[in-house]
Amino acid sequence: MQCHRLIAVRLRTKDAGSEQVIRGVRMDIYSGFAEVYDTFMDNVPYGEWCDYICGILVEHGVTDGLVLDLGCGTGVMTRLLADRGYDMIGVDVSAEMLAIARSYEDIALSDDDKSDSGKQREIFYIQQDMRELELFGTVRAAVCLCDSLNYILEEEELRQVFSLVRRYLDPQGIFIFDMNTVYKYREILGETDICENRERECFTWENYFDEESAINEYVINIFKEAENGLYRRYEEVHYQKAYEVECVKRLLEETGLSLLAVYGEGSREVPEPECERVYFVAENISSDDVRRIK
């Protein structure tokens, strides 16, 4: 299973109404899946992804300094990048996901919890919608992974995200992000049902891809064991949009970001037609006078 960040989402329940209630308990968006997110991501090779991203950063001269993790979720990749010596800022729209991310920072750091550079890891987390990104200054690089940008459903809003990222990048700053491909949505996910289970949780995934709108809809039912031994069900409906590479390139250039490379997943090669995930590497070619974070 691939990693999925929750941005465009609505919650459905039997008796939801305006209060979004499940069995008498108020249920805020993201809280159900946030609790089990890392459990079901246990097969994602985060370490390999981090090696890959760090290799690109170093190639473009970003060996230290401030790095923004946009759509950081529970902060797994944020922490791995911090362990490599980067000063990390994590931004996510979900308070529940960020609460989990911050819980790791509340644990006292031992000598073994230092970064590769020998510094103790300190991460600054901010709850924000990426479409309204606002930082105190600029960063050397930004990353946005786990197909987070596919949750931006309108071209104009994707352009806005790119524009805001550019605003807070240093001149010649690097922006690395991934996206699921049209091929993956059309041929791999399509109208597919997925089911996974763990010791005390399980989920089902019902997928539908609309060719005309290029919108992918998937319904996730999460079953989580309660203290009384019964299972509580949460249902969330997620939407992602499939973007062609040329469209992404155009939107980047319209906002002052220059596309340096497009790679197939885990490689430095041009994506094959059947590639399921692509990585984009862009550079801030503008020189806005934005105060750099100290």
Side-chain angles (χ1 to χ4, degrees), residues 3-13 15-42 44 46 66-82 87-108 121-136 139 142-153 157-158 160-161 164-165 168 177 200-201 203 218-227 232-240 293:
C3 173
H4 298 272
R5 187 72 71 238
L6 313 183
I7 294 178
V9 58
R10 63 185 173 88
L11 184 70
R12 300 197 309 191
T13 73
D15 305 308
S18 60
E19 287 294 310
Q20 295 181 324
V21 175
I22 298 180
R23 297 184 186 177
V25 179
R26 190 177 187 280
M27 178 68 180
D28 292 323
I29 289 175
Y30 301 106
S31 58
F33 197 73
E35 293 177 8
V36 298
Y37 184 86
D38 287 336
T39 299
F40 288 110
M41 298 301 109
D42 59 1
V44 174
Y46 286 114
L66 278 168
V67 174
L68 168 67
D69 186 1
L70 194 59
C72 66
T74 59
V76 176
M77 185 62 69
T78 324
R79 294 189 295 275
L80 288 173
L81 289 168
D87 299 315
M88 297 301 301
I89 300 173
V91 170
D92 201 275
V93 73
S94 168
E96 287 78 13
M97 300 284 263
L98 287 177
I100 294 171
R102 291 189 179 109
S103 71
Y104 289 94
E105 302 309 303
D106 293 336
I107 300 173
R121 179 180 65 198
E122 294 183 8
I123 300 172
F124 183 45
Y125 288 108
I126 308 172
Q127 184 186 357
Q128 285 183 355
D129 187 321
M130 67 173 68
R131 296 167 297 183
E132 300 173 354
L133 179 67
E134 184 176 0
L135 302 179
F136 297 106
V139 297
V143 300
C144 187
L145 306 172
C146 298
D147 48 87
S148 294
L149 285 172
N150 287 109
Y151 284 94
I152 304 299
L153 305 182
E157 292 188 342
L158 186 58
Q160 173 70 3
V161 173
L164 290 170
V165 170
Y168 294 108
F177 60 95
R200 300 187 62 184
E201 302 91 4
F203 81 90
Y218 56 98
V219 181
I220 295 181
N221 279 281
I222 304 152
F223 299 86
K224 181 175 174 60
E225 186 177 0
E227 292 182 1
R232 179 170 293 179
R233 180 175 71 88
Y234 308 99
E235 183 178 274
E236 296 181 354
V237 183
H238 301 243
Y239 299 93
Q240 292 185 315
I293 302 175

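Every heavy atom of this structure was used, including side-chain atoms; hydrogens, water molecules and symmetry mates were not.
- Side chains of Y218 and V237 form no contact here, defined as non-hydrogen atoms less than 4.5 Å apart.
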Apply side-chain contact (heavy atoms from CB on, under 4.5 Å) to E134 and Q128, showing your working.
CA-CA 8 Å; E134 184 176 0; Q128 285 183 355; 3.9 Å; yes
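- Atoms CG and CZ, on D147 and F177 in that order, are 12.5 Å from each other to the nearest 0.5 Å.
- Side-chain atoms of L70 and V161, non-hydrogen and from C-beta on, do get closer than 4.5 Å to each other.
- Taking 4.5 Å as the limit, some side-chain heavy atom of L68 sits within range of a side-chain heavy atom of V91.
- In this structure, CZ in F136 is found 9.0 Å from CD1 in I89, a value given to the nearest 0.5 Å.
- Smallest separation of non-hydrogen atoms from S148 and G71: OG-O, 3.8 Å.
- The two atoms that bring I123 and G90 nearest to each other are CG2-N, 4.4 Å, heavy atoms only.
- Using a 4.5 Å cut-off on side-chain heavy atoms (C-beta onward), C72 and L98 make contact.
- A donor-acceptor contact shorter than 3.5 Å links the side chain of R102 to the backbone of Y125.
- The shortest side-chain heavy-atom distance between L81 and V143 falls under the 4.5 Å cut-off.
- Between L135 and L133, the shortest heavy-atom distance links the atoms CD2-CD1, 4.0 Å.
- A82 and M88 get closest at one heavy-atom pair: N-CG, 3.6 Å.
- Inspection of the Q240 and H238 side chains reveals no N or O donor paired with an N or O acceptor under 3.5 Å.
- The nearest pair of heavy atoms linking V165 to A142 is CG1-CB, 4.1 Å.
- Here the OH atom belonging to Y151 is positioned 11.5 Å from the SG atom belonging to C144, to the nearest 0.5 angstrom.
- Inter-residue side-chain proximity for L149 and M130 is flagged as met; some heavy-atom pair is nearer than 4.5 Å.
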Show the numbers, then the answer: is there a side-chain contact (heavy atoms from CB on, under 4.5 Å) between K224 and Y234?
CA-CA 8 Å; K224 181 175 174 60; Y234 308 99; 4.2 Å; yes
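- A101 approaches G75 most closely through the heavy-atom pair CB-N, 4.0 Å.
- Annotation: cation-pi geometry not satisfied between R232 and F223 (NZ/CZ under 6.0 angstrom from ring centroid, within 45° of ring axis).
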Mind running side-chain contact (heavy atoms from CB on, under 4.5 Å) on Y46 and L80 for me, showing each step along the way?
CA-CA 8 Å; Y46 286 114; L80 288 173; 3.7 Å; yes
Apply the test side-chain contact (heavy atoms from CB on, under 4.5 Å) to residues V139 and V67: give CA-CA distance (whole Å), side-chain angles for both, the deciding distance (0.1 Å), then the verdict.
CA-CA 6 Å; V139 297; V67 174; over 6 Å; no
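- Residues E235 and I220 are not in side-chain contact: their nearest non-hydrogen atoms beyond the backbone lie 4.5 Å or more apart.
- Atom OG1 in T74 sits 6.5 Å away from atom CD1 in I100 (nearest 0.5 Å).
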